[in-house]
Amino acid sequence: MRVTEFDLACLPATGAVFDRLLALHPAQMVVDLSGCRHIDAAGIGLLLDVHRRLARADGVLTVRDPNPRIRRILHAARLHQVLPVVDTAPSSPPGTPSSPPGSPPGGQAPTRTQPALVAHGRASVKVAH
């Protein structure tokens, strides 16, 4: 799930999307914060709530690619001690040898097995006015 704003004003819509995704009982959920410009205590609280709900079902919530400002906020809130905060490895520059067939991109060894159900894309919620 890609999140661009993560604050109190966006919480109802973002929370509804998380609820829909959690209803699918995923083994792993990744929140992409690469385009997120702002996060506040309400957003951090929602991340912790989703983490708890996933952990009860043996799932994992990962926060991916926060910008340096958001990373400092997450660090100050000690979120990195509760759930993984990771950066996506940059792709190989042109002219570098490619990875052998079947190996993960970037030539890195996988750290976990791939979950059985993986959903990619963007989520949105329509709110009736």
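Scope of the values below: all heavy atoms of this structure, side chains included, with no hydrogens, waters or symmetry mates. Each residue takes its place number in the sequence, starting with 1.
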Tell me if a side-chain donor or acceptor on N67 pairs with a main-chain N or O of R37 at a distance below 3.5 Å.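 Not confirmed, N67 side chain does not pair with R37 backbone.
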Might you work through the side-chain contact (heavy atoms from CB on, under 4.5 Å) test for S34 and R2, ending with a clear yes or no? CA-CA 8 Å; S34 60; R2 185 178 180 136; 3.6 Å; yes
Candidates T62, L61, V30 - the one meeting side chain to side chain contact (heavy atoms under 4.5 Å, CB included) with P84: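 With P84 as partner, side chain to side chain contact (heavy atoms under 4.5 Å, CB included) holds for just one option, T62.
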Option among D40, I70, I39 that satisfies the side chain to side chain contact (heavy atoms under 4.5 Å, CB included) test with F6: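 So the option named by the test is I39.
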Test of understanding: clusters of I, L, V, M, F, W, Y form through side-chain heavy atoms closer than 4.5 Å, transitively. Do L8 and L47 belong to the same one?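 The answer is yes; both residues are in one hydrophobic cluster.
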Point-to-point distance, once rounded to the nearest 0.5 Å, from [atom1] of [X] to [atom2] of [Y]:
| X | Y | atom1 | atom2 | result |
| --- | --- | --- | --- | --- |
| D87 | R71 | CG | CZ | 4.0 Å |
| L21 | M1 | CG | CE | 6.5 Å |
| Q28 | D58 | CD | CG | 13.5 Å |
| R78 | I44 | CZ | CD1 | 12.5 Å |
| L33 | E5 | CG | CD | 11.0 Å |

Electrostatic pair D19:R53 at N-O distance under 4.0 angstrom: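 Yes, this pair counts.
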Using the ring pair (Phe, Tyr, Trp, His ring centres under 6.0 Å) criterion, which residues pair with H75? Sequence neighbours excluded.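 Expected list: H80.
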Please examine the side chains of D65 and C36, heavy atoms only from C-beta on, and report whether any two atoms are closer than 4.5 Å.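 In short, these two side chains do not touch, never coming nearer than 4.5 Å.
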